[in-house]
Peer 1: 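This structure is in structure tokens; I'll ask about it shortly.
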There are 2 protein chains.
Amino acid sequence: MMLDSETKAVELPEDHGTELRLWLRLLTCTTLIEGEVRSRLRERFDVTLPRFDLMAQLDKVPGGMTLSDLSKRMMVSNGNVTGLVERLVESGHLDRRTSETDRRVQFIRLTKLGRAEFRKMAAEHETWIADIFADLSRKDISELMRLLAKTKASAQRSAKARTP
Amino acid sequence: MMLDSETKAVELPEDHGTELRLWLRLLTCTTLIEGEVRSRLRERFDVTLPRFDLMAQLDKVPGGMTLSDLSKRMMVSNGNVTGLVERLVESGHLDRRTSETDRRVQFIRLTKLGRAEFRKMAAEHETWIADIFADLSRKDISELMRLLAKTKASAQRSAKARTP
DNA sequence: CGGGATCTCTTTAAGCTTCAAGCAATTTGG
DNA sequence: CCAAATTGCTTGAAGCTTAAAGAGATCCCG
């Protein structure tokens, strides 16, 4: 039987420094870009990133969606969405209607004002993102897309294995 | 003079959908992993992610560091670090001393307890991260490292251009 | 020196975020 | 049909986060 230096007993601590460094780099990139987008949104439109994100989700679906849908798509808690929606309804950007077939459900939509303001912000936002990634070639971008898709799948597999 | 389909007036809206999709995918990956790590830290050690991150920074430097250093390394605001450190000193994980040569400066260190607890958590944390990225090959990982380094540089260039 | 600029840190207000508990409506399985 | 489970949403407590203003200490340069 052959044993090489890679063979180890499972109880012994293995070296996973590479994965850790990868995670930290991923986190750094996201934090950096997120901070930049947050600053620009605030200084240019006086809006917070979570509000922009929420409106972005709603803009994708003309008919609006429920709080649960928003919560799943934004990957934040239900209670969080409740508060965000409340503030955006208050400011006139959102509209909420109770479903007629299920009185637990609230349909949320962008108002005319909300949609108009969002579209203006989104157009500029897109150019910021383009500039932030401007030093990447097309090949870099498609390669990064591929690897991130793989990363996402791997992370989901890991999360599911823990919570069956 | 030659004009091809790529030539456009700068005022016309260009299509940057690819970069936007890349950014959303990057954000999704980070959110997914961050949420997973947050859950596990809470359920396994009853500690929050920001506290773990702060202790991780301190663990790298035996002599400790100042609040400003922490703030820069963690990429969060000064006030944020003030509060985190306060709670961790309260719980006995951190130790703070005022510099003798500059009375503005506070040196922060892990206490014996803090270091011991962090090391235990860090060892397990590393295996979680390894599992989360387990479906990526070595080549995937090194390629991702390279592309994220390029992304980071590009984002920093973009941020600097805005705030000179 | 001296006074303005800068640096370190804290404080405050507002908002974001999570988790857990809870309420009401609906669905499901005897 | 009805009780139990599930679903959709809200609430409350605790903690995180930022931006902005401010207090004190140090630095710099005229």
Side-chain angles (χ1 to χ4, degrees), chain A residues 27 30-32 34-55 64-91 93-94 96-108 163, chain B residues 27 30-32 34-55 64-91 93-94 96-108 163:
Chain A
L27 186 55
T30 300
T31 305
L32 198 58
E34 211 172 44
E36 186 61 19
V37 171
R38 186 195 314 281
S39 290
R40 298 201 197 198
L41 280 175
R42 195 177 49 72
E43 96 189 11
R44 189 75 183 77
F45 300 111
D46 194 31
V47 74
T48 66
L49 186 50
R51 289 181 202 201
F52 178 81
D53 284 345
L54 195 150
M55 289 194 273
M65 61 180 77
T66 69
L67 289 180
S68 293
D69 289 339
L70 276 171
S71 161
K72 284 187 200 88
R73 283 165 179 266
M74 296 177 72
M75 297 196 285
V76 300
S77 67
N78 270 341
N80 192 347
V81 173
T82 295
L84 280 170
V85 165
E86 188 178 304
R87 286 183 286 269
L88 282 165
V89 167
E90 172 67 26
S91 63
H93 294 83
L94 262 47
R96 67 197 309 172
R97 276 174 314 116
T98 302
S99 163
E100 298 186 0
T101 63
D102 185 339
R103 275 180 297 170
R104 290 169 304 180
V105 176
Q106 306 264 346
F107 286 111
I108 313 295
T163 316
Chain B
L27 185 56
T30 300
T31 306
L32 198 58
E34 211 172 43
E36 186 61 19
V37 172
R38 187 196 312 282
S39 290
R40 298 201 196 199
L41 281 174
R42 163 179 290 278
E43 99 190 7
R44 189 76 183 77
F45 300 111
D46 194 34
V47 74
T48 66
L49 186 51
R51 288 181 203 201
F52 178 82
D53 284 346
L54 195 151
M55 289 193 274
M65 61 181 77
T66 68
L67 289 180
S68 292
D69 289 339
L70 276 171
S71 161
K72 282 187 202 88
R73 282 165 178 266
M74 296 178 70
M75 298 197 284
V76 299
S77 66
N78 269 341
N80 193 347
V81 173
T82 295
L84 280 170
V85 165
E86 187 177 305
R87 286 183 285 270
L88 282 165
V89 167
E90 172 67 25
S91 63
H93 294 84
L94 263 48
R96 65 197 309 171
R97 277 175 314 116
T98 301
S99 163
E100 298 186 1
T101 62
D102 184 341
R103 275 180 297 169
R104 293 169 301 179
V105 176
Q106 307 265 344
F107 285 109
I108 314 294
T163 316

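Lettering follows sequence order; numbering is per chain, from 1.
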Peer 1: Does a nitrogen or oxygen in the side chain of A/T82 sit under 4.0 Å from OP1 or OP2 of D/dT10?
Peer 2: yes
Peer 1: Is the shortest heavy-atom distance from the side chain of A/D102 to the side chain of A/S99 under 4.5 Å?
Peer 2: yes
Peer 1: Taking atom C1' of D/dG8 as reference, at what distance in whole Å does atom CD of A/Q106 sit?
Peer 2: 9 Å
Peer 1: Is any side-chain N or O of A/R96 closer than 4.0 Å to OP1 or OP2 of D/dT10?
Peer 2: yes
Peer 1: Rounded to whole angstrom units, what separation is found between the CD atom of B/E100 and the P atom of D/dA25?
Peer 2: 16 Å
Peer 1: Could you give the CG-to-P distance, from A/N80 to C/dA20, as a whole number of Å?
Peer 2: 16 Å
Peer 1: Could you state the CG-C1' distance from A/D53 to C/dC16, rounded to the nearest angstrom?
Peer 2: 12 Å
Peer 1: Choose from D/dT26, C/dC16, D/dG15 the nucleotide whose nearest atom is closest to any side-chain atom of B/R51.
Peer 2: D/dG15
Peer 1: With sugar-phosphate meaning primed atoms plus P, OP1 and OP2, does A/S99 contact a base, only sugar-phosphate, or nothing at under 4.0 Å between heavy atoms?
Peer 2: nothing
Peer 1: Contact class for B/T98 vs. all strands (heavy atom < 4.0 Å): base, sugar-phosphate, or nothing?
Peer 2: nothing
Peer 1: Would you kindly compare A/F107 and A/G35 by the position of their nearest DNA chain D nucleotide and give the one closer to the 5′ end?
Peer 2: A/F107
Peer 1: Taking only side-chain N and O atoms of B/S68, does any of them lie within less than 4.0 angstrom of OP1 or OP2 on C/dC7?
Peer 2: no
Peer 1: Between A/D102 and A/S77, which has a closest nucleotide on DNA chain C that is more 5'?
Peer 2: A/S77
Peer 1: How close or far is atom P of D/dA23 from atom CG of B/N78, stated in whole angstroms?
Peer 2: 17 Å
Peer 1: In whole angstrom, what separates A/R42's CZ from D/dT18's C1'?
Peer 2: 8 Å
Peer 1: Are there over 12 heavy-atom neighbours, none belonging to A/E100, within less than 6.0 Å of that residue's CD?
Peer 2: no
Peer 1: Between C/dG15, C/dC9, D/dT18, which nucleotide gets closest to the side-chain atoms of B/V76?
Peer 2: D/dT18
Peer 1: Under 4.0 Å from OP1 or OP2 of D/dT18: is there any side-chain N or O of A/T48 that close?
Peer 2: no
Peer 1: D/dA20 P sits how many Å from A/R38 CZ, rounded?
Peer 2: 13 Å
Peer 1: Report the nucleotide, chosen from C/dC16, C/dC7, C/dT10, that has the shortest atom-to-atom distance to any side-chain atom of B/R104.
Peer 2: C/dC7
Peer 1: Any sub-3.5 Å donor-acceptor pair from A/S71's side-chain atoms to A/V76's backbone N or O?
Peer 2: yes
Peer 1: Over all strands shown, is A/S71 touching base, sugar-phosphate only, or nothing at heavy-atom distances under 4.0 angstrom?
Peer 2: nothing
Peer 1: Round to a whole Å and report the spacing from CZ of B/R40 to P of C/dC19.
Peer 2: 14 Å
Peer 1: Distance check, rounded to the nearest 0.5 Å: A/D69 atom CG versus A/M74 atom CE?
Peer 2: 12.5 Å
Peer 1: When you measure from the side chain of B/T30 to the backbone of B/L27, do you find a donor-acceptor pair of N or O atoms at a distance under 3.5 Å?
Peer 2: no
